[in-house]
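Because only heavy atoms are used, hydrogens play no part in the values below, and waters and symmetry mates are left out as well, while side chains stay in. As the structure is a prediction and not an experimental result, all values here were calculated from the model.
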Amino acid sequence: MKKKRNRLFARVLSFAILSVFLAGCGGNSGNSVKGNDSAQSAEGGNNIAIYSTYDMPALGIDPSVCFNSSILSLLNIYDTLLRYDSETDSVEYVACDKYEKSEDGLLWTFHIRENMKFHDGTPVNAEAVKFSFERTINMGKGAAFIWEPVDSFEVKDEQTLVMHLKYPAPMDLTVSSSYGAYIMSPAVGDAGEEFFAGTKDAGSGAYYIADRTGDTQLVLAAFEDYWNPWPDNHFDRVVLTQSAESSTRRQMLESGEVDFVSELPAEDNEALVSNEKLKEVKTKSFENMMILINTQKGPLQDKRVRQALNYAFPYEDVISYVMNGNASQSHGPVPEGLWGHSEDVLQYKHDLNKAKELLKEAGYSDGGFSLEITYITGDEIERKSAELYQSELNKLGITLNIRPVTSDMSVETGQNPDPKKRQDMAFMFWYPDVPSPYTFLYSMYHQADPISWNWTYLEDDEFDKVIDDANILAGTDRDAASAQFVDAQNYIMEEACSINIFDKVYDCIYNGSVGGFKGIDPSYPQTVFFHECYRIK
């Protein structure tokens, strides 16, 4: 797994440069298919959609390897077999139109949709799907671990793929993953990541790559032979471009130069709501923010100290002032709306008196110690939250030193093999790869060697077994598995291995001339499915 809110900053491209670039991107460099060039006409200019992102939209876009926010690009270029619908807790058919599983959960049969094509003209069939998943497994990077339950893939006939499992697992959720579940053309062959370094792609999705500027910009063109009908006045071209500064993204949205932007501060969204040329849509998310507590260091080894730190956190202030109300306090690590979440999970409230009692019991009646917390440089939500927390801990005699670090530095510190060089506490944003509680509980609390994202450094064989067993049970009885995941969360909250702060609400402000957009789906963060969108006439 990974820390997914990476802040990878690059030079901001001005819109003037972008406009010049767009004027010259009529061709399809790198793919053999042809796009619709009508978006380049003066009247048809409205058929271009532009999305300004805080991160690099073309960073690491090998679909077997990608493990970052470039999924906002890949989900428009590649298909998965299914797509998870968080509102109904069900799946939608994409590259397959039917599937079955055996009663014991060990055989899953997927029927591949007829008459689908990859962008290179190759048919989408069971062999291609098998190739895709086996390539991801064999490369062993990114989210390859999601295929761990699979023993083998069997091509039963041209359009039928059977998965033989080592143990029951919810493969309908696995094949819906935003990471590691993409279907790609066998034309990739034995090539590695270098195949995707330029303008080539291997997808069957609604758009193909027409042009590229390094890792900071992609121009996508509509795939005329896409299996799913296009809406009227759909976007023939989509530009995904990085603008690292939120102020730049806001200015471009206000001026009408872009249609979508990612991650504006809450105060910016509040100011933009009154702009009659813009629209707002809010959706729940599976993204949450927490502080991981190093349970093996200094005073933090005492559960009572960790519980006191939970009671000292100003949850309501962070939600009100930092998030402008676009969040709700977490009930444990699993976010609201995802199965396995329960409001019966222990939830701490801000209570300094309770914190003082616990500190006194632990022998720290006057505080008297210092802690260091890390946050990602440039993340204003984490920085502001840390400052509010610092003020509360000062009242307990605890000094909180706040240290900004780059994403790379954060990972290096959190995964350092020397326990003395690890942080005391670290902010963490998380959202799932597979829509399952297991991804939250395994990633941040399960033992792993070497250490991955368990920056609580919890070592508990019994806890590990409970969530491992629940994950297997989910393949046959999701309700029973959910109950086990709830028990596991209550244990984590009682042990106070983390401070689970809020579940985020996605507040998206976008160009009012765009139709068809329903908001950001919790399972696919930051992603606009452009095939569903169109320019209002």
Can you tell me if [X] and [Y] form a side-chain donor-acceptor pair at under 3.5 Å?
X    : Y    : result
E462 : Y491 : no
D157 : T160 : yes
E148 : Y167 : yes
H341 : E336 : no
Y84  : D89  : yes
S69  : D55  : yes
N288 : K504 : no
D225 : H119 : no
D433 : S177 : no
Q242 : T216 : no
Q447 : D461 : yes
D408 : T406 : no
S102 : D104 : yes
E100 : H111 : yes

[X] to [Y] six-membered ring, cation-pi geometry met (6.0 Å, 45°):
X    : Y    : answer
R478 : W339 : yes
K98  : Y93  : no
R422 : Y457 : yes
R83  : F529 : yes

Note, E532 side chain near W230 side chain (heavy atom, < 4.5 Å): no

Do T80 and Y182 have side-chain heavy atoms sitting under 4.5 Å apart? yes

Does [atom1] belonging to [X] count more than 12 external heavy atoms closer than 6.0 Å?
X    : atom1 : answer
F131 : CZ    : yes
K518 : NZ    : no
E194 : CD    : yes
D232 : CG    : no
E87  : CD    : no

Y375 ring center near F427 ring center (under 6.0 Å): no

Check for me whether the distance between the ring centres of Y510 and F517 falls short of 6.0 Å. yes

Here the pair of heavy atoms bringing S178 nearest to S523 is OG-O, 3.8 Å

With sequence neighbours left out, what residues match V162 under side chain to side chain contact (heavy atoms under 4.5 Å, CB included)? L107, T109, E154, K156, H164

Partners passing side chain to side chain contact (heavy atoms under 4.5 Å, CB included) against D487 (at least two apart in sequence or in another chain): none

What orientation do [X] and [Y] show, parallel under 30°, tilted 30 to 60°, or perpendicular over 60°?
X    : Y    : value
F153 : F133 : tilted
Y207 : F530 : perpendicular
Y438 : Y442 : tilted
Y431 : Y179 : parallel

Could you walk me through whether D460 and H446 satisfy the side-chain hydrogen bond (donor to acceptor under 3.5 Å, both in side chains) test, starting with their C-alpha distance in whole Å, then the side-chain angles of each, then the deciding distance to 0.1 Å, before giving a yes or no? CA-CA 8 Å; D460 191 312; H446 194 291; over 6 Å; no

Step by step, would you call D120 with K117 a salt bridge (charged side-chain N to carboxylate O under 4.0 Å, His left out)? CA-CA 8 Å; D120 62 8; K117 295 180 181 179; over 6 Å; no

Check ion pair E494-K303 (N to O, under 4.0 angstrom): yes

Any ion pair linking R135 and D62 (charged N to carboxylate O, less than 4.0 Å)? yes

Judged by atom type as modelled, is there a donor-acceptor pair below 3.5 Å linking the side chain of T456 to the main-chain atoms of L292? no

Give the intermediate values and the outcome of side-chain hydrogen bond (donor to acceptor under 3.5 Å, both in side chains) for residues E343 and H331. CA-CA 6 Å; E343 294 191 2; H331 282 268; 4.7 Å; no

Could you measure the distance from the OH atom of Y51 to the OG atom of S73? Nearest 0.5 Å is fine. 9.5 Å

Assess the residue pair M290 and I499 against the criterion (side-chain contact (heavy atoms from CB on, under 4.5 Å)); give the C-alpha distance rounded to whole Å, side-chain angles, the decisive distance to 0.1 Å, and a yes or no. CA-CA 5 Å; M290 67 204 75; I499 302 173; over 6 Å; no

Decide side-chain hydrogen bond (donor to acceptor under 3.5 Å, both in side chains) for S330 and D503; before the verdict, give the C-alpha distance in whole Å, the side-chain angles of both, and the deciding distance to 0.1 Å. CA-CA 5 Å; S330 300; D503 301 339; 2.9 Å; yes

Walk me through whether K141 and E193 qualify under salt bridge (charged side-chain N to carboxylate O under 4.0 Å, His left out). CA-CA 11 Å; K141 299 180 179 181; E193 295 178 62; 2.8 Å; yes

Evaluation steps, side-chain contact (heavy atoms from CB on, under 4.5 Å), between L82 and Y99: CA-CA 10 Å; L82 300 171; Y99 73 96; 3.9 Å; yes

